[in-house]
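The structure under discussion appears below in the form of structure tokens.
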Amino acid sequence: MERIVADLVVEEAAQLLTCAADAPDRIGLVEDGWVALAGERIVEAGTREEVEAAADLSRARRLDARGKVVAPGFVDCHTHLVFGGTRVEEYAARLATDDPEELRRRGVPTGIGVTIRATRSASEEELFLQAAARLEGMLLWGTTTVEGKSGYGLDTETELKQLRVNRLLERAYPVEVVSTFLGAHGWPEDTSKERYLDLLEREMLPAVREQGIAEFCDVWCDEGHYDAADSRRILEAGLAAGLAPKIHTGAYSHVGGAEVAASLRAASADHLNYTPRESLEALARSGVTGVLLPGIDFAVRHPRPADPRPMEEAGLELALATNCCPGCWCTSLIFVLILACRNHRLRPAEALRAATLGGARALRRGDRIGSLEPGKQGDLQIWNLSRYEDLIYHLGSNPVETVVRRGNVSVDRGRLTARTNRND
């Protein structure tokens, strides 16, 4: 067999984590691991012998990974990346009290309405600059694919503006930004839910489809938000507009959202704190990925943090995500992995798979990203750690030294090196 000429080779990693789908240990651990890339694709990942048998390394740029760990780029499959302003005043006040009367007495602005007003009033350029700072942080912490939801407009103009900013961010940075329309994040205070549902169906979704600026449609299904019937209506309208379904469900109650997700074979069902075992089994049978969000459980002191054990026992593929948003200002999936292992009792290997291949499957990209396998996209990271468990053990530091995105080095020695023209 003729060997493929490699452009880039990562050599002599103390540990290589392929995160291959069929890996018995969940992470495909290879000691003294090598990865060869040609163009944007992986030629081979494995031992030196396996890589040299598949690739001609004579002209390749070499990245020395001796004493370090190589892993796939993280896939952050649930974020609210684009929003205006901050809710730091609310967050700080809630450290002392969650009493709404006390917060009102202090004059603390609270709730999603604060963010909606800030997002509506911000220009596209202002939203871009605010989100760009978050996106750069994600990249420096090893994330190469990010999902970004709208949902802080609750009007057509602002929802579309958020999605356009996603597109601008993807053009400006070496990160894939996957857009999700979350117009059903709530409804305006001066509008009934039924009237807003009509607006979603008749105006918002057709506009999103016409502009081609989203891939998924999401809805917040929970008590006090949208019920199961509402959620089915929204997601079916999204399907008619060419948008695959995702759902926020079971965060604070179980109102049937998991069953809707299972019946529609949604890409993912996210949160799942109150989702019963039989519903988890239905999700697993339908191939829906369950997305856990340890960051928000931590940030809000959730009374019932998500429990991954029943999910795994039900056969559900798990993903981890930051849920970066005004109530959970987190750009580091490494921090989320630490929380997932300590607070939610995931094992390090389980958490790493969930943040890579699991995240890719939650975005229906498991066939091309999320693991280091021949033919897949060349997205990987190198950690200045000698073993992968140190990622969970070393608290508060960023070990990401190098990030490769589509075969190109975009972070080198902890600094961003590749950026396209923001004015493209």
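Numbers here simply count residues along the sequence, with the first being 1.
- With hydrogens and angles left out, the side-chain atoms of Thr79 and Arg134 include no donor and acceptor closer than 3.5 Å.
- Between the side chain of Glu215 and the backbone N or O of Ala244, no donor-acceptor pair lies under 3.5 Å.
- Legend: residues meeting side-chain contact (heavy atoms from CB on, under 4.5 Å) with Arg304, ordered by chain and number and at least two apart, are Tyr274, His302.
- A donor-acceptor contact closer than 3.5 angstrom is absent between the side chains of Thr144 and Glu176.
- A side-chain donor-acceptor contact under 3.5 Å links Arg3 to the backbone of Glu52.
- For the residue pair Asn273 and Asp297, a side-chain donor N or O sits within less than 3.5 Å of a side-chain acceptor on the partner.
- When side chains are defined from C-beta on, Arg167 counts as touching Ile213, because their heavy atoms get closer than 4.5 Å.
- You'll find the side chain of Tyr152 stays beyond 4.5 Å of the side chain of Thr158, heavy atoms only.
- By the 4.5 Å heavy-atom criterion applied to side chains, Met138 and Asp76 are counted as neighbours.
- Arg87 and Thr115 share a donor-acceptor pair across their side chains, judged by distance under 3.5 Å alone.
- No side-chain heavy atom of Leu264 sits under 4.5 Å from any side-chain heavy atom of Ile247.
- The side-chain contact (heavy atoms from CB on, under 4.5 Å) check on Pro109 picks up Glu89, Val114, with sequence neighbours excluded.
- Between His248 and Trp220, the ring planes lie tilted relative to each other; the angle falls in the 30° to 60° range.
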